[in-house]
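What follows is a single structure, written as structure tokens, with notes after it.
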Amino acid sequence: MNELNINIEKGTSLTQDAFIRLRKNKMAMIGLCILIFFIAIALLTPLIAPYTYEGQNLELGATSPSQQHWLGTDVLGRDQLTRIMYGSRVSLMVGFIATAVALLIGVLWGATAGFLGGRVDAIMMRIVDALYALPFTIFIILLTVIFGSSMLLLFLAIGAVEWLTMARIVRGQVLTIKRQEFVEAAITMGLSPWQIITRHLIPNVLGPIIVYTTLTIPSVILLESFLSFLGLGIQPPQSSWGSLISGGTETMEEYPWLLVFPGLALSLTLFSLNFLGDGLRDALDPRASKD
Amino acid sequence: MLSVKNLRVVFNTRNGTTVAVDDLSFELNAGEVLGIVGESGSGKSVACYSLLGLIPMPPGKIEKGSAEFLEQDLLRMNEAELRKIRGHKISMIFQDPMTSLNPYMRVVDQLMESVQEHHPVSRKEARQRAINALNEVGIRDVEVRIDDYPHQFSGGMRQRVMIAMALITEPQLLIADEPTTALDVTVQAQILTLIKNLQKTRNLAVIFITHDLGVAAQMANHILVMEKGKVVEQGTTEQIFKTPTQAYTQKLLSAVLTTAKPTASLAEITEPPFLQIKQLKTYFPQFGGAFIKRLISVVKGVDDISLTINRGEILGVVGESGSGKSTLGRSIMRLVDAQSGEILLEGKDLRTFSLHELQKSRRDFQMIFQDPYASLNPRMTVFDALAEPLLIHGLATDENVLTQVNQLMDDVGLDRRFIRKYPHEFSGGQRQRIAIARAIALKPKLIIADEPVSALDVTIRAQILALLLELTRKHRLTMLFISHDMSVVRYLCDRVVVMQNGKLVEEGATEQLFAAPKEVYTQQLLAAIPRL
Amino acid sequence: MYLFILKRILQSIPVLLGVSLLTFIMVRSAPGGPFDQDRNVPPEVIKHLNEHYHLNDPLWKQYLDYLWSLLHGDFGPSFKFQSHTVNDLIAAGFPPTMELAFYATLFALIFGLIAGITASLKPNSLQDYVPMSTAMIGICMPSFVLGPLLLLIFGIWLQWLPVAGWGQIDGDKILPSVTLGAAYAAYIARISRGGMLEILSQDYIRTARAKGLSTARIVFVHALRGGITPVISFLGPAIAGLLAGSFVVETIFQIPGLGRFYVQAAFNRDYTMIMGCTIFFAFLIVIFNLLADVLLVLLNPKLRQEVSGGR
């Protein structure tokens, strides 16, 4: 045995612990795989899509799934697989970008309120409470009606709704962590506020933020599809899952596959994100990781 | 009356099977009090809960054993049969009276529910019995208070309500699981007397689960010592305390502090005094009101306190919950801001320091916290936790920090091999050692220790106290030691101040104060200590 | 208690003012007036119309006028259906929407609570997995997918239930209510399961068990009150979601409700109708949040005491 270099035992950090737990969660892993699959398809669509999304074939009309068109065609003879693939780009992009907007505003707002506390906190949270009482979905409809439905507006509007819950969660977390003795210990060691935030606060609030982010994405995707279904979101000839479902509804008696496949794509995505989020929550739950 | 034989309880968890109780046997006759003594994880509670089917199954499982109660085997009963025993023939009271009563139900309803579940009586009769039961346990104005909710009672009163609820069905056996652990010492003394009296007048059999040997000695005829699920030793109270045969029992007994400080005081009087606190006031204004926030009242956490600590001295601050002892420590640390007064550390008033000056000077005064589970950042390794203060204050460079951290590990008796591990991989006692290492890392002049051993088991507590004594000698530390436990203070401190409601009640050299307390409150505190 | 309710009502006034102002500003900053779309209308008629609806007044005056009439319960005339006032349209559309929301809530509460409580009694068993997996399907199957599918299966293929309408044929209220309520049933199931699990691990439940009480009594008398608290706080926001969801469901099932009117008004740029509906919805949401808050306080003796400021 080397006296100077005794074999140091490596510890398992909470993060590593959480990953081990997550990997054991079958549903979450399936969710992750599906999600990666959809993201890959969305990224590669322009390269691998079998047809163009606006390419019509009026002679063909609506056909059921076949060798040439795996998921069939719509009444204008457009390939549904292609349209769903292009739709996934819209849905996922809206999901990720609008969530990023929500994340940015929510984390900044919530962290500021939680860290400063006192009067500032009271006022900032009163604002959030007041905004909570607003009929936001209705406002978004109003916005899209008035300013026309642009992607940018959609990102901003949806992000602006979803940040409220994020702010609440972050504030709650920051307040809890702030009261923990290890933060007081850091103060008594003479760390500056900035050092405390970066070294002690952020690493400990990261978990819940990740979890909630994962769960925000599906609700954003849902909201976008909802608007597109009503005809207020993505405009033709571009396709989104919501507008595809809307179109499918009109002809579902004759061509049910036009409803089923986009619906399936949407539900599968929501499934995978929700299961992944649930799995992350179970894995990162501090109560479970104590002892 | 109760005869438990070869009880074995296991828990199937993610990480395999753990044996919570192994081969437990004991007997209990009517009118007897059995004290089950053990540290946390000894299986003392699980054993009693499993008798009544109160452990969650699964993951819990009673593998074998029998428990004859009034000629019936409790362990062979189905849920319906057990329910007729629970709360009727065998009642229980629990540790935390704050959480053990249903906050959504009136006290009277909770009491009546017990009666009506097991006796066919009218509502009126049940209410009358509830009133009688509450009278018996010493609740005042029962007729009025009976319709209150639990949160309207104090901790001690709630435990009285729990006792009334347990005894209202005239049980033959009472299982008391650490019933006074969450209470202040003076309240604990009252509750213990109450249980003892009720036990005598009703000729009750009692199983009294406790970690406190003093309490066990006061309450029990027989003692059963448990460790890691196994019975270490059992016998009459006298046998166990006078002639313990097993090493673990002896270790437990020796961990009970009844002695004065084993080492001489190192205090030296300096000018200016090392730490001088003058007329310190820390008030917490309380706001409320239905419409506009207004000042309702002021909680006087620290109310006009003046005291002096000499260099090298260990000053104990004792008091019950709400006495302001922690607020005093936190005010000195400037974790809370005092209203007025001076905190002079070697003549310099800490209260006048700017944020930057304060951050730099913090290396001179450090703090050890109560809860070693909460005081360490769960996402930092031991090395990071100990290196952080050294690097921030420039006491170590990137090259020699490892040597210094290793030195600290040696100082507090932790194996150097563990420096890359995370706090959750250590036991409570080890974590408190890490916290102590962190506090002494900066070689501070003053350490404020806020109940550093109250979350620890007795044997661990003894080790940590010994460590603190050793470190104060070795590094010539000055310490303000905050505790609710008189015996711990006696063992460690040179001088003691007693606090009550934010005020300083009495002050004196430790042995003097223990031998001849002048103030009534100090006398009450000392009288309330359970003795072996 | 009354003071608390009064306080909450006063607090919601600025919210409603904010909603009305925001809506007003958004509507007025829209490019193009309400009559621009109709190309056949000659300019003098537009001028006349603008004058008739006071569209030439300064904005602040228009807003105050509008507020003033709102205070009298007058939402003004509809720009599109000029023979109707907004009040008429709301009065016509509100009853089916409210009825739909009511049935959906009822469905969500009954099924959600049963599923959630059942699951919480035996966590990590089949009794937990089955209702919770079903709930997950409910959450991931939005109403605009579920509705058409149900319609297709039960209305068209099996022909068990009518495919459209509201109150005309027996059973035509079932599919819309289920469609709208399904997601909320799922949320309520998850929330109530979490709430019940939390409460069931409390010390006082152990006390109740030690008293020898039956499982039914422990669950329904001791645990339920605390366990459904999160469900009640969810109900406020849920109503907002239900109203928005009614847009879709009313469109799918062709129900002449407020939601469908709103979507039509949105396409028609019927400003007074949009504004009236938005404020009306906001008003409803504020009321339901208020009710949920009051219910929360009533259920919790500690809060009740804090609110009334007693001993």
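Source: prediction; values computed, not measured. Per chain, numbering begins at 1; letters A, B, ... match sequence-line order.
Atom CZ of F283(C) has 12 or fewer heavy atoms from other residues, nucleotides or ligands within 6.0 Å.
Only the backbone of L101(B) has a heavy atom closer than 4.5 Å to any heavy atom of chain C. With a threshold of 4.5 angstrom between heavy atoms, Q110(B) approaches chain C through its backbone and through its side chain. Y149(B) touches chain C through its side chain: at least one heavy atom from C-beta onward sits under 4.5 Å away, while N, CA, C and O do not. Contacts between M162(B) and chain C at a heavy-atom distance below 4.5 Å involve the side chain alone, from C-beta outward. Looking at T229(C), the atoms closer than 4.5 Å to chain B (heavy atoms on both sides) all sit in the side chain, from C-beta outward.
Taking all atoms of both residues into account, the shortest heavy-atom contact from E117(B) to L213(C) is OE1-CD2, 3.3 Å. Taking every heavy atom of both residues into account, P301(C) and P103(B) meet most closely at CG-O, 3.0 Å. Smallest separation of non-hydrogen atoms from A210(C) and M92(B): CB-CB, 4.2 Å.
Atom CD of residue E79(B) and atom OG1 of residue T215(C) lie 5.5 Å apart, to the nearest 0.5 angstrom. Between D203(C) atom CG and N102(B) atom CG the span is 11.5 Å, to the nearest 0.5 Å. A distance of 11.5 Å separates OG1 of T99(B) from CD1 of I205(C), quoted to the nearest 0.5 Å.
Listed by first then second residue, pairs satisfying side chain to side chain donor-acceptor pair (under 3.5 Å) with a partner in residues 40-50 of chain B read S40(B)-D457(B), S45(B)-D177(B), Y49(B)-D177(B), Y49(B)-R206(C), not counting sequence neighbours.
With hydrogens and angles disregarded, a donor-acceptor distance shorter than 3.5 Å links the side chain of T207(C) to the backbone of S100(B).
The side-chain heavy atoms of N300(C) and Y104(B), taken from C-beta on, include a pair separated by under 4.5 Å.
The contact list for residues 100-134 of chain C toward chain B, using heavy atoms and a distance under 4.5 Å, is empty. Heavy-atom neighbours of chain C within the stretch residues 165-173 of chain B, taken at a separation under 4.5 angstrom, comprise M165(B). For residues 216-228 of chain C, the interface with chain B (any heavy-atom pair closer than 4.5 Å) comprises R217(C), V221(C), H222(C), R225(C), G226(C), sorted by residue number.
Checked against K211(C) for a side chain to side chain donor-acceptor pair (under 3.5 Å), the options H118(B), E113(B), H88(B) give a single hit: E113(B).
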